[in-house]
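Taking it in order: structure first as structure tokens, then the write-up.
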Amino acid sequence: MRATCRLAAKTLNMIAPHVQPGVTTDRLNDICHAFIIEHGAVPSPLNYRGFPKSICTSINQQVCHGIPGDRVLREGDIVNVDITTNLNGFHGDTSRTFAVGQIGTKAEKIMRVARECLDIGIAVVRPGAHLGDIGAAIEAHAKKNRCSVVREYCGHGIGREFHEEPAVLHFGIRGEGPVLRPGMIFTIEPMINLGRAAIKLLPDKWTVVTRDHTLSAQYEHTLLVAPHGVDVLTLDLEAEGVV
Ligand code: MF3
Ligand code: CO
Ligand code: CO
């Protein structure tokens, strides 16, 4: 799990400088696909329940599961790139929302709040905490910033399967749900909207968008409940200057 999660993190860091005005989401897909294969892994999304590409790219009001294609990213867009790798049968899952060139204040705000929601959710994770504590903390932070939490999609256990139990809701009640124990591995991946929480599915049957067309942003990490707290697995500590 450490190796696949590190590779997913490396892939996200690798693609970051390619997210520029003028690039197509297909090009981002192809670069990530090649990088993942070169590192002896397989992109988990490809053919997952019929998903046709190797990564998800979700632009502006797209919430998640955007399908890479010939759309060209433009200055001012925000785009979530979601990477999942399968290395030796183990999945690692991480995503980040990138600014394309200079972006507006609304885009800056939704990226900041979504990032903070992930960080606040992670900060709650330790043995003895309840699963509901994570969602409660995220929901409170979104509300405080007058943003909303998408309710139809959630974080998830991960390991030999891409999506395992438990469902990690990004809203909830403190003290509810199962108690976290060392060794558990799951994702936290709040989708935060600038407007209302309601979403709809596009006719491609994958792309999720906000009903009110407001901006949405998302960040995701895969986490291990460690004996004394939390271990964020989808980091590449060397590249991120930690070691
Ligand atoms: N990576 C997404 C998640 O965080 C799931 C994408 S499923 C796909 O759970 F089929 F769209 F790739
Ligand atoms: Co996930
Ligand atoms: Co993901």
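Order of appearance sets the numbers: ligands from 1, and atoms from 1 within every ligand.
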Taking a hydrophobic cluster as the set of Ile, Leu, Val, Met, Phe, Trp and Tyr residues connected by side-chain heavy atoms closer than 4.5 Å, whether directly or through intermediates, do Tyr219 and Ile103 fall within one such cluster? yes

Min N/O separation Asp82 to ligand 1 under 3.5 Å: yes

Which segment of Arg49 sits under 4.0 Å of ligand 1 when only heavy atoms are counted: neither

Can you find a non-hydrogen atom of Lys53 under 4.0 Å from ligand 1? no

Heavy-atom proximity to atom 11 (F) of ligand 1, best of Cys56, Pro43, Ala8: Cys56

For Leu233, does its backbone N or O pair with a side-chain atom of Asp231 as donor and acceptor, under 3.5 Å? no

Looking at Glu220, the N, O or S atom sitting nearest the Co ion (ligand 2) is OE2

Between Asn47, Asp26, Thr25, which is the residue that forms a side-chain hydrogen bond (donor to acceptor under 3.5 Å, both in side chains) with Lys53? Asp26

Using a heavy-atom cut-off of under 4.0 Å, does the side chain or the backbone of Thr187 touch ligand 1, or both, or neither? neither

Closest to the Co ion (ligand 3), which N/O/S atom of Asp93 is it? OD1

Apply the test ring pair (Phe, Tyr, Trp, His ring centres under 6.0 Å) to residues His170 and Tyr153: give CA-CA distance (whole Å), side-chain angles for both, the deciding distance (0.1 Å), then the verdict. CA-CA 9 Å; His170 303 117; Tyr153 298 88; over 10 Å; no

Knowing that exactly one of Thr85, Thr94, Asp236 qualifies, which makes a side-chain hydrogen bond (donor to acceptor under 3.5 Å, both in side chains) with Lys10? Asp236

State plainly whether one hydrophobic cluster holds both Ile15 and Ile59, where clusters connect Ile, Leu, Val, Met, Phe, Trp and Tyr through side-chain heavy atoms under 4.5 angstrom apart. yes

Taking Ile78 as the starting point, is it possible to reach Leu73 by hopping between hydrophobic residues whose side chains are less than 4.5 Å apart? no

Worked verdict on Phe51 versus His65 for ring pair (Phe, Tyr, Trp, His ring centres under 6.0 Å): CA-CA 9 Å; Phe51 191 78; His65 304 167; 7.4 Å; no

For Phe162 and ligand 1, answer yes if some heavy atom of the residue is under 4.0 Å from a ligand atom, otherwise no. yes

Looking only at protein heavy atoms, which one is nearest to atom 7 (S) of ligand 1, and how far off is it? Tyr48 CD2, 3.9 Å

So, of the N/O/S atoms that Glu189 has, which is the nearest one to the Co ion (ligand 2)? OE2

Between His65 and ligand 1, is there a nitrogen or oxygen pair with a distance under 3.5 Å? no

So that I can check it, does any N, O or S atom in His163 come closer than 2.8 Å to the Co ion (ligand 2)? no

Report whether any nitrogen, oxygen or sulfur of Asp82 sits less than 2.8 Å from the Co ion (ligand 2) (N, O or S, backbone or side chain). no

